[in-house]
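Report on the following structure.
These numbers come from a predicted model, not from an experiment.
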Amino acid sequence: MLDAAVGAAAAVGAVLSLRRPARRTHFVTLAAATGLVLVAILAGSGGAAEPARQSRLLTGLVLMMLAIVPTDAASPPPAWRREPS
C-alpha cells in the first residue's frame, strides 16, 4: 500500500510540475522519497536487510536524486532565452 501511494504521489507531482504555475510540484516526489527511505530505515531489525526493505531504500534514494532536477532542465536559463535588445 505504501509503495502504491508513493508511486501515485510521484506521478501526480511530475504531471502537475509540467504546468508553469505549479512548476515546483516535483518536490512532492522528494517528500515521498524521504518518507520511503525513513520507513525502510526505521523498519530495520538490526540484522540483514530484507529484499523489500532494500528495494524501498534504493527506490527512495533514486527518487530523491531525480526529484531535484527541475522540469525544464534541458532548456537554457531564462535570461539566455530572452531576445537580445
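- Both Leu61 and Ile41 are part of a single hydrophobic cluster, where members link through side-chain heavy atoms under 4.5 Å apart.
- Note: Ser17 OG to Phe27 CZ = 10.0 Å, rounded to the nearest 0.5 Å.
- In this structure, Leu42 CG and Arg53 CZ are separated by 9.5 Å, a value rounded to the nearest 0.5 Å.
- Scanning for salt bridge (charged side-chain N to carboxylate O under 4.0 Å, His left out) contacts around Arg19 gives an empty result, with sequence neighbours left out.
- A distance-only check finds a donor-acceptor pair linking the side chain of Thr34 to the backbone of Leu30 [under 3.5 Å].
- Closest approach of Gly60 to Ala33, counting heavy atoms only: O-CB, 3.3 Å.
- Hydrophobic clustering, defined by side-chain heavy atoms of Ile, Leu, Val, Met, Phe, Trp and Tyr closer than 4.5 Å, groups Leu2 together with Val6, Leu36, Val39, Leu63.
- In this structure, CD1 in Ile68 is found 12.0 Å from OG1 in Thr29, a value given to the nearest 0.5 Å.
- Under a 3.5 Å cut-off, the side chain of Arg81 and the backbone N or O of Pro76 do form a donor-acceptor pair.
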